[in-house]
Amino acid sequence: MSGYTLARADGSFQITLPYPSRGTGRAAELIGSVRTTLGGRQVVQRVAVKRTWTLSWTRLPEAVFAPIEAFWLGAVHGPGPFLFAEPDTPAVLVNITAMPDTVDLLGFHNAGLTLVEV
């Protein structure tokens with residue numbers, strides 16, 4: 001197992017995600033503005049950094065895929081936000097924004113999960 005976890009925001013239900021076989025993508029978006037003072041000087045004001053994670057898997061069996069899909073669908077755990085934790089880092093609140101999935105002829109899922117920090 002990879003140490004990546006996904007849980008309900010209240011922590012009452014948690015799953016450990018399988019190791020991402022196609023890797024993990026990370027991105028950070030700076031949220032802020034650039035202001036001009038009365039003297040004409042520009043000041044960059046950084047308010048926050050919103051992070052995005054993309055996890056990708058190949059050949060997930062249905063038993064492993066189903067709990068991940070349950071978070072995406074919101075049917076069991078509600079619409080979110082959820083707690084997401086990487087190994088050795090504190091959990092952050094995220095929304096699941098995308099979950100592309102294809103099924104091969106043997107019934108294995110090739111899936112991805114995109115999580116955006118709230």
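These numbers were taken from a predicted model, which means no experiment stands behind them.
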Q) With under 30° as parallel and over 60° as perpendicular, where do the rings of Phe71 and Phe13 fit, or are they tilted in between? A)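 Tilted: the ring planes of Phe71 and Phe13 meet at 30° to 60°.
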
Q) Does a donor on one side chain sit under 3.5 Å from an acceptor on the other, for Arg35 and Gln45? A)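 Distance-only check passes for Arg35 and Gln45.
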
Taking every non-hydrogen atom, the tightest pair across [X] and [Y]:
{"X": "Ala9", "Y": "Pro81", "value": "CB-O, 3.5 Å"}
{"X": "Trp57", "Y": "Tyr19", "value": "CD1-O, 3.2 Å"}
{"X": "Pro18", "Y": "Val64", "value": "CG-CG1, 3.7 Å"}
{"X": "Leu55", "Y": "Tyr4", "value": "CD2-CE2, 4.4 Å"}

Q: Let me see the working for Val118 and Asn95 under side chain to side chain contact (heavy atoms under 4.5 Å, CB included), right down to the final yes or no.
A: CA-CA 7 Å; Val118 174; Asn95 282 319; 3.6 Å; yes

Distance check, rounded to the nearest 0.5 Å: [X] atom [atom1] versus [Y] atom [atom2]?
{"X": "His109", "Y": "Asp101", "atom1": "NE2", "atom2": "CG", "answer": "5.5 Å"}
{"X": "Phe82", "Y": "Leu115", "atom1": "CZ", "atom2": "CG", "answer": "10.0 Å"}
{"X": "Leu30", "Y": "Arg46", "atom1": "CG", "atom2": "CZ", "answer": "5.0 Å"}

**Q.** Salt-bridge present (Glu117, Arg51; N to O < 4.0 Å)
**A.**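 A salt bridge links Glu117 with Arg51.
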
Q) Do Arg26 and Glu86 meet the salt-bridge criterion of a basic N to acidic O distance under 4.0 Å? A)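 Salt bridge flag = yes for Arg26 with Glu86.
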
Q | side-chain contact (heavy atoms from CB on, under 4.5 Å), paired with Met99, selected from Thr114, Ile68, Leu73 | A |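 Testing Met99 for a side-chain contact (heavy atoms from CB on, under 4.5 Å) against Thr114, Ile68, Leu73 leaves exactly one candidate, Ile68.
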
Q. Any sub-3.5 Å donor-acceptor pair from Thr37's side-chain atoms to Arg41's backbone N or O?
A.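 Yes, Thr37 side chain to Arg41 backbone: donor-acceptor pair under 3.5 Å.
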
Q.
I'd like to know if the side chain of Thr58 and the backbone of Asn110 have a donor-acceptor N/O pair within less than 3.5 Å.
A.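 Looks like no, no N/O pair under 3.5 Å.
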
(Q) Grouping I, L, V, M, F, W and Y whenever their side-chain heavy atoms are under 4.5 Å apart, do Leu113 and Leu93 come out in a common cluster? (A)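 No.
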
**Q.** Leu83 with Val92, same ILVMFWY side-chain cluster at under 4.5 Å
**A.**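 Not linked; separate clusters.
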
Q. Is the Lys NZ or Arg CZ of Arg59 less than 6.0 Å from the centre of Phe108's six-membered ring, within 45° of the axis?
A.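 That pair qualifies as a cation-pi contact.
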
**Q.** Full working for side chain to side chain contact (heavy atoms under 4.5 Å, CB included) between Val116 and Val94
**A.** CA-CA 5 Å; Val116 177; Val94 297; over 6 Å; no

